There are 4 protein chains.
Amino acid sequence: MKGKGSTKEELIFDATLRLVEQVGLSGVSMEAVAKQAKIATGTVYIYFKSKEELLNKLYVTVKLKFYGTISDGLNEDKPFKVLFKKMCNDYLRFFLEYYPETIFLQQFYNSPYVTASTVDATKGLLQPLSELLQRGKTEMLLKEMDTRFMITFLHGTIGQLAGFIRDQPVQKTYTDQVWTICWDALKL
Amino acid sequence: MKGKGSTKEELIFDATLRLVEQVGLSGVSMEAVAKQAKIATGTVYIYFKSKEELLNKLYVTVKLKFYGTISDGLNEDKPFKVLFKKMCNDYLRFFLEYYPETIFLQQFYNSPYVTASTVDATKGLLQPLSELLQRGKTEMLLKEMDTRFMITFLHGTIGQLAGFIRDQPVQKTYTDQVWTICWDALKL
Amino acid sequence: MKGKGSTKEELIFDATLRLVEQVGLSGVSMEAVAKQAKIATGTVYIYFKSKEELLNKLYVTVKLKFYGTISDGLNEDKPFKVLFKKMCNDYLRFFLEYYPETIFLQQFYNSPYVTASTVDATKGLLQPLSELLQRGKTEMLLKEMDTRFMITFLHGTIGQLAGFIRDQPVQKTYTDQVWTICWDALKL
Amino acid sequence: MKGKGSTKEELIFDATLRLVEQVGLSGVSMEAVAKQAKIATGTVYIYFKSKEELLNKLYVTVKLKFYGTISDGLNEDKPFKVLFKKMCNDYLRFFLEYYPETIFLQQFYNSPYVTASTVDATKGLLQPLSELLQRGKTEMLLKEMDTRFMITFLHGTIGQLAGFIRDQPVQKTYTDQVWTICWDALKL
DNA sequence: AATGAATGAGGTTTCATTCAT
DNA sequence: CATGAATGAAACCTCATTCAT
């Protein structure tokens with residue numbers, strides 16, 4: 001049941017994400033988080049020793065959920081293009097379904113809160129996606145291009161388009177175009 | 001001469017951008033801006049009646065410079081693909097050359113400072129780019145696709161890739177790939 | 001066995017004293033006391049109804065131990081100077097041996113925690129010392145001087161010198177000088 | 001005019017000292033200091049970047065005033081005993097006249113606020129007193145005793161006795177006994 | 001009795017904004 | 001216009017105390 005975490009940590013994470021969606025990261029105060037989570041200010045500090053820790057842990061958590069979503073089934077024994085399409089669609093679906101999370105990921109990354117260890121902790125999560133793209137190159141379906149460059153492209157493109165699609169009354173028109181664009185951009 | 005505006009407004013704008021680059025938008029305080037610009041705190045309030053106004057006006061200014069850059073020469077009498085390539089390259093060059101501005105644009109857009117009128121003010125600046133893409137569709141060189149969708153794609157893609165390229169020791173390897181990717185993605 | 005009280009009260013007292021030594025009285029929090037004593041926060045409140053009560057009771061306890069130490073054997077049938085010397089040495093030994101207690105006594109006395117009843121409770125404990133000094137005056141060995149003045153002198157002097165001695169690598173050099181100084185100061 | 005410093009720093013120092021006298025060092029909050037000094041909370045932070053800095057600077061200031069008082073005229077060409085008496089009396093007078101300062105010096109030294117550099121900064125101020133005592137030893141008027149030990153003795157003794165005297169209705173009875181006691185204690 | 005999560009008042013500090021000079 | 005000290009609301013965080021288990 002999204003939005004109602006059962007543990008206190010999840011409760012606080014949810015409250016934080018809802019706030020980020022409403023007022024942006026810089027509008028997030030510990031007091032507001034507590035009120036949103038319907039707990040006392042001090043309680044937040046039982047679970048996170050500072051605002052910085054709260055945000056960094058939330059970042060890692062969201063990244064894990066995110067990369068879990070898009071990495072799912074990427075090494076199945078299916079034709080490359082099928083998996084590429086699935087990956088693009090999962091990517092887009094995550095951005096559309098977990099909008100507050102997406103906003104948070106974007107805003108947090110360029111905030112004074114990020115710590116080096118957090119960035120490190122999320123390294124390596126891209127492995128499955130990285131391997132898929134490698135396979136595409138090996139099968140001579142994708143351009144010979146730096147894999148990290150490709151990943152950056154996919155992330156930026158799908159992220160931005162998701163924001164656009166989200167504002168449209170009829171979304172179906174666009175969702176299918178996303179993976180097509182990505183495919184055409186990277187295919188040989 | 002970039003970095004040294006001659007009027008006070010430009011001086012303050014420059015100071016703000018340098019700060020955003022260093023500490024992020026949420027690290028920007030009016031006192032820090034004043035100190036960076038080597039003027040008194042109160043002086044900032046002579047030129048901008050609040051922090052909100054300062055940031056919003058800076059946003060409009062940067063957007064104008066930005067769209068000016070990428071709109072330049074777009075209606076010349078040249079083959080479409082030539083103009084498309086030029087546009088992509090200008091786009092990328094702006095992102096690379098004016099990095100603080102880019103950071104600011106991104107961070108400001110998802111901040112509690114944006115006002116509706118600012119967003120309105122920058123509408124319409126996309127006209128030249130929009131017309132170029134229309135021409136591409138008319139000439140049956142580009143996909144039949146919502147123009148705003150295409151613009152969103154270009155913005156997200158090039159912006160993200162610029163961030164990537166900026167971190168690379170050798171940038172030349174990548175700069176040419178950007179417009180190619182964009183072309184392949186949108187071409188029919 | 002010093003340092004390991006058997007009852008919970010003593011356990012808590014020990015923990016408090018260790019904390020005072022490490023971080024000073026203002027660094028003492030009920031949570032820190034509980035953690036140091038390896039019990040739960042709430043447990044402290046079973047034995048002491050507030051921080052104030054804990055500290056005041058500890059103060060009385062330490063004062064009792066302290067005055068017990070220096071009053072021991074003061075009314076024996078021995079020459080005055082012998083008893084005076086013994087008293088000074090006991091005084092100094094207490095300060096050196098029970099350093100955390102000493103720190104606590106000093107810091108607590110000038111804290112907002114002291115209650116009037118605590119100060120009252122430790123009145124009268126000076127009786128034996130007071131009587132010894134009276135005897136010295138009767139025997140015309142000590143100056144004719146307000147007894148409370150003398151006690152204040154002894155306390156301040158020995159306390160301060162103990163702090164000094166504690167920091168010296170070789171303490172033996174100084175310990176014997178303490179009682180001599182006190183004797184010379186007060187003797188007729 | 002004591003109690004009404006003309007600069008803001010002095011105003012804040014005075015307010016702090018008055019508070020320490022009333023409620024002890026741990027009762028001193030920045031808000032209380034501001035209110036006592038009749039300025040806004042934020043104003044305190046213009047002059048002192050933190051509570052720690054405020055207290056440490058106050059400590060150095062008071063120490064300077066203190067050592068200035070007792071060092072005055074110590075190297076004049078007068079008989080040793082005359083200077084020793086003068087020094088003791090100045091010492092006592094300072095403690096009696098600047099009672100809040102005295103309380104502060106005592107409480108601050110054993111607080112979590114002291115920084116190493118502050119302690120360093122007040123080293124060396126004892127030079128004149130130190131030289132006086134050296135002279136006393138050279139002239140074979142004082143015991144052969146570690147000078148720092150003597151200084152510790154004087155400080156602890158006079159400080160403690162000052163506290164006692166302060167509470168007496170008739171102070172004159174005691175003031176003359178202080179230097180006598182110190183002299184007898186240290187003289188050969 | 002024992003636990004330790006939860007509370008919320010209060011303390012420290014920052015910062016947008018004002019105003020006397 | 002320019003200054004920068006002053007303001008005070010609001011942010012972050014701590015900690016004495018309570019209470020359900």
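Below, chains carry the letters A, B, ... as their sequence lines are ordered, and counting in each starts from 1. All of these numbers come straight from a predicted model, not from anything done at the bench.
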Between [options], which one does the side chain of [X] approach most closely?
| X | options | result |
| --- | --- | --- |
| A/Glu31 | E/dT3, F/dA11, F/dA5 | F/dA11 |
| A/Ile46 | E/dT17, E/dA2, E/dT7 | E/dT7 |
| A/Ser29 | F/dT3, F/dA11, E/dT17 | F/dA11 |
| D/Ala40 | F/dA2, F/dG8, F/dC13 | F/dG8 |
| C/Tyr45 | F/dT17, F/dA5, F/dC12 | F/dT17 |
| A/Lys51 | E/dT7, F/dC12, E/dA5 | F/dC12 |
| B/Thr41 | E/dT13, F/dG4, E/dT7 | F/dG4 |

task: With C/Phe13 as reference, evaluate C/Phe104, C/Tyr59, C/Phe48, C/Tyr98 under the ring pair (Phe, Tyr, Trp, His ring centres under 6.0 Å) test and give the passing residue.
output: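 Result for ring pair (Phe, Tyr, Trp, His ring centres under 6.0 Å) with C/Phe13: C/Phe48.
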Can you measure [X] atom [atom1] to [N] atom [atom2] for me and round it to whole angstrom units?
| X | N | atom1 | atom2 | value |
| --- | --- | --- | --- | --- |
| C/Ile12 | E/dA1 | CD1 | C1' | 12 Å |
| D/Lys38 | F/dT7 | NZ | P | 13 Å |
| D/Leu25 | E/dT12 | CG | P | 11 Å |
| B/Lys35 | F/dA5 | NZ | C1' | 13 Å |
| A/Lys8 | E/dT7 | NZ | C1' | 11 Å |
| C/Glu53 | F/dT17 | CD | P | 10 Å |
| C/Met30 | E/dG8 | CE | C1' | 18 Å |
| B/Leu19 | E/dC15 | CG | P | 11 Å |

- prompt: Using a cut-off of 4.0 Å on non-hydrogen atoms, how would the nucleic acid contact of D/Val28 be classed: base, sugar-phosphate, or nothing?
  reply: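 Contact class for D/Val28: sugar-phosphate only.
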query: With a non-hydrogen cut-off below 4.0 angstrom, is C/Phe48 in contact with a base, only sugar-phosphate, or nothing?
result: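 The residue C/Phe48 makes no contact with any strand.
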message: Quick check on DNA chain F: between A/Ala32 and B/Ile39, whose nearest nucleotide comes earlier from the 5' end?
response: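 Final value for this comparison: B/Ile39.
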task: Measure the shortest side-chain to side-chain distance between A/Asp14 and A/Arg18 over non-hydrogen atoms and say whether it is less than 4.5 angstrom.
output: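 Yes - at least one pair of side-chain heavy atoms lies under 4.5 Å apart.
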- prompt: Are B/Lys49 and E/dT18 close enough that a side-chain N or O sits under 4.0 Å from OP1 or OP2?
  reply: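 Looking at the OP1 and OP2 atoms of E/dT18, neither is under 4.0 Å from any side-chain N or O of B/Lys49.
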- prompt: Is the number of heavy atoms from other residues, nucleotides or ligands under 6.0 Å of A/Lys49 NZ greater than 12?
  reply: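 Counting neighbours around NZ of A/Lys49, 12 or fewer heavy atoms of other residues, nucleotides or ligands fall under 6.0 Å, so no.
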query: Under 4.0 Å between a Lys/Arg side-chain N and an Asp/Glu carboxylate O for A/Glu31 and A/Lys35?
result: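 A/Lys35 and A/Glu31: not salt-bridged.
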message: On DNA chain E, compare the nucleotides closest to B/Tyr113 and C/Tyr47; which residue's is nearer the 5' end?
response: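 Closer to the 5' end of DNA chain E: C/Tyr47.
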- prompt: Considering heavy-atom distances to DNA chain E, does C/Gly42 or B/Ser26 have its closest nucleotide positioned more toward the 5' end?
  reply: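 Of the two residues, C/Gly42 wins.
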In the strands shown, is [N] matched to any nucleotide by a Watson-Crick or G-U wobble pair with both distances under 3.5 Å, and which?
| N | value |
| --- | --- |
| E/dA1 | none |
| F/dC13 | E/dG10 |
| E/dT21 | F/dA2 |

task: For side-chain contact (heavy atoms from CB on, under 4.5 Å), just list the numbers for A/Gln106 and B/Gln106, CA-CA rounded to whole Å, side-chain angles, deciding distance to a tenth of an Å, and then say yes or no.
output: CA-CA 9 Å; A/Gln106 284 171 14; B/Gln106 284 171 15; over 6 Å; no
task: For A/Lys63 and A/Tyr67, test the side chains for any donor-to-acceptor distance below 3.5 angstrom and give the result as yes or no.
output: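 Distance-only check passes for A/Lys63 and A/Tyr67.
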